Amino acid sequence: MAKRDTYTPESLLAVAVQVFNERGYDGTSMEHLSKAAGISKSSIYHHVKGKEELLRLAISRALDELFAVLREPGAEEGRAIDRLEYVTRRTVEVLMSELPYVTLLLRVRGNTDTERWAMERRREFDHEVAELLKRAAADGDLRADVEVRLATRLLFGMINSVVEWYRPERGGAATSDEVADAVIATAFAGLRTYR
């Protein structure tokens, strides 16, 4: 018997994200969600139209946080290389603070309208960061022997890999500052020119 519906839209979303990340979006049914939440399917429909709306809400949360980074003063003011470092640091911080939501975002494959929309938005974010890399290269602040497109992919690969290994619940996990410092040190020691 399902419990009395005490879920809020936010707590229901958190459960849905956990189940989507464990089972995959395509492998998750409304039955799975209702069991995980301990509520009836009809109670879920009281909060949302369906599974895809939960996916869109979760992915929107991750994307909104990432795009907000690009509008912060540290991302808009100063030399391109400094702005790029700032965006890299803040992206790592957002990834770690919104880990389940960003993990879900990074796992979408384009099988639904919502997933295709999310992939397009991710490409927009990646493009804005790539533009910072191009400007930093044009300013002479990035090594000329590292192709900008390759550097962009490697930088995102390093940042996005955090979702695969970072597990704060296991204890002894690095803080977001420690992980961001390591990403910055590793990536920019190899990318920056030092005059």
Side-chain angles (χ1 to χ4, degrees), residues 10-29 32-33 36-37 51-52 54-70 72 75 84-112 114-130 132-133 146-192:
E10 186 62 30
S11 62
L12 178 59
L13 185 59
V15 169
V17 169
Q18 180 182 351
V19 176
F20 291 157
N21 282 332
E22 288 169 0
R23 301 186 61 85
Y25 176 73
D26 291 333
T28 300
S29 68
H32 293 125
L33 294 173
K51 176 174 105 157
E52 192 158 354
L54 286 166
L55 178 66
R56 189 174 188 97
L57 290 168
I59 289 171
S60 293
R61 178 170 163 165
L63 287 165
D64 290 349
E65 292 290 325
L66 290 169
F67 274 95
V69 166
L70 298 175
E72 293 172 2
L84 179 61
E85 274 195 30
Y86 178 86
V87 168
T88 300
R89 172 176 299 285
R90 289 288 296 124
T91 299
V92 170
E93 291 169 356
V94 166
L95 188 150
M96 293 176 75
S97 69
E98 299 292 335
L99 186 64
Y101 297 88
V102 177
T103 299
L104 183 60
L105 170 64
L106 295 176
R107 290 184 178 163
V108 299
R109 297 292 171 245
N111 297 330
T112 67
T114 296
E115 289 178 288
R116 287 185 287 279
W117 165 80
M119 292 174 74
E120 181 59 34
R121 295 285 289 149
R122 267 179 49 198
R123 281 191 287 277
E124 289 173 31
F125 181 83
D126 294 355
H127 177 75
E128 288 200 41
V129 177
L132 281 176
L133 269 157
V146 178
E147 200 266 322
V148 172
R149 283 181 51 166
L150 178 60
T152 303
R153 288 186 176 159
L154 292 172
L155 184 60
F156 279 115
M158 186 184 311
I159 294 168
N160 294 343
S161 74
V162 173
V163 303
E164 300 304 326
W165 58 264
Y166 181 70
R167 299 291 174 266
E169 69 278 2
R170 291 188 187 154
T175 66
S176 63
D177 284 342
E178 291 168 334
V179 174
D181 288 346
V183 169
I184 297 292
T186 303
F188 288 90
L191 290 173
R192 262 189 186 267

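Predicted, not measured: the structure shown is a model, and the values here were computed from it. No hydrogens, no waters, no symmetry mates; every other heavy atom, side chains included, goes into these values. One is the number of the first residue; the rest follow in order along the sequence.
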Exercise. Starting from the C-alpha separation in whole Å, work towards a yes-or-no answer on side-chain contact (heavy atoms from CB on, under 4.5 Å) for Arg122 and Leu66.
Key: CA-CA 9 Å; Arg122 267 179 49 198; Leu66 290 169; over 6 Å; no

Exercise. Would you please test Phe156 and Thr91 for side-chain contact (heavy atoms from CB on, under 4.5 Å) and show each step?
Key: CA-CA 10 Å; Phe156 279 115; Thr91 299; 5.5 Å; no

Practice problem: Show the numbers, then the answer: is there a side-chain contact (heavy atoms from CB on, under 4.5 Å) between Glu65 and Leu95? | Solution: CA-CA 9 Å; Glu65 292 290 325; Leu95 188 150; over 6 Å; no

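Ala130 meets the side-chain contact (heavy atoms from CB on, under 4.5 Å) test with Thr152; sequence neighbours excluded. Legend: residues meeting side-chain contact (heavy atoms from CB on, under 4.5 Å) with Leu154, ordered by chain and number and at least two apart, are Leu150. Partners of Tyr86 under the ring-ring contact (aromatic ring centres under 6.0 Å, His included) rule, at least two apart in sequence or in another chain, do not exist in this structure. Scanning for side chain to side chain donor-acceptor pair (under 3.5 Å) contacts around Arg116 gives Asp113, with sequence neighbours left out. Applying the salt bridge (charged side-chain N to carboxylate O under 4.0 Å, His left out) criterion to Glu98, with sequence neighbours excluded, gives Arg61. Judged as a side chain to side chain donor-acceptor pair (under 3.5 Å), and not counting sequence neighbours, Arg56 has no contacts. By the side chain to side chain donor-acceptor pair (under 3.5 Å) test, Asp64 pairs with no residue at all, sequence neighbours left out. By the side-chain contact (heavy atoms from CB on, under 4.5 Å) test, Ala36 is found to be paired with Val15, Val19, residues two or more places apart in sequence or in another chain being considered. Shown here are the ring-ring contact (aromatic ring centres under 6.0 Å, His included) partners of Phe20, two or more places apart in sequence or in another chain: Tyr25. Under the rule for a side chain to side chain donor-acceptor pair (under 3.5 Å), the partners of Glu93 that lie at least two apart in sequence or sit in another chain are Arg90. In terms of the side-chain contact (heavy atoms from CB on, under 4.5 Å) criterion, residue partners of Leu70 (sequence neighbours excluded) are, by chain and number, Phe67, Val87, Phe125, Glu128, Val129.
Between Ala58 and Leu104, the closest heavy-atom pair is CB-CD2, 3.7 Å. In plain terms, the two heavy atoms of Ala62 and Leu105 that are nearest each other are CB-CD2, 4.0 Å. In plain terms, the two heavy atoms of Leu33 and Ala16 that are nearest each other are CD2-CA, 3.7 Å.
Between Leu84 and Leu155, some side-chain heavy-atom pair lies under the 4.5 Å cut-off. For the pair Tyr166/Ser176, no side-chain contact is recorded, criterion being any heavy-atom separation below 4.5 Å from C-beta on. When side chains are defined from C-beta on, Arg89 counts as touching Asp181, because their heavy atoms get closer than 4.5 Å. Within the 4.5 Å cutoff, the side chain of Tyr101 has no heavy atoms near those of the Ile59 side chain. Residues Val179 and Thr175 fail the side-chain proximity criterion, which asks for heavy atoms closer than 4.5 Å.
Within 6.0 Å of CZ in Arg123 there are more than 12 heavy atoms belonging to other residues, nucleotides or ligands.
Lys51 contributes no side-chain N or O that, together with a main-chain N or O of Ser29, makes up a donor-acceptor pair within less than 3.5 Å. With hydrogens and angles disregarded, a donor-acceptor distance shorter than 3.5 Å links the side chain of Glu115 to the backbone of Thr112. In this structure, Ser161 contributes its side chain and Met158 its backbone to a donor-acceptor pair below 3.5 Å.
The distance from atom CD1 of Ile184 to atom OG1 of Thr88, rounded to the nearest 0.5 Å, is 5.0 Å. Remark: His127 NE2 to Leu132 CG distance equals 10.5 Å, nearest 0.5 Å. Separating the CG atom in Leu57 from the CD atom in Glu52 is a distance of 11.0 Å, to the nearest 0.5 Å. Atoms CD and CZ, from Gln18 and Arg23 in turn, are 12.0 Å apart once rounded to the nearest 0.5 Å. The line from CD of Glu85 to CG of Leu191 is 9.5 Å long, rounded to the nearest 0.5 Å.
Sequence neighbours left out, the pairs with a member in residues 100-111 that pass salt bridge (charged side-chain N to carboxylate O under 4.0 Å, His left out) are Arg107-Glu164.
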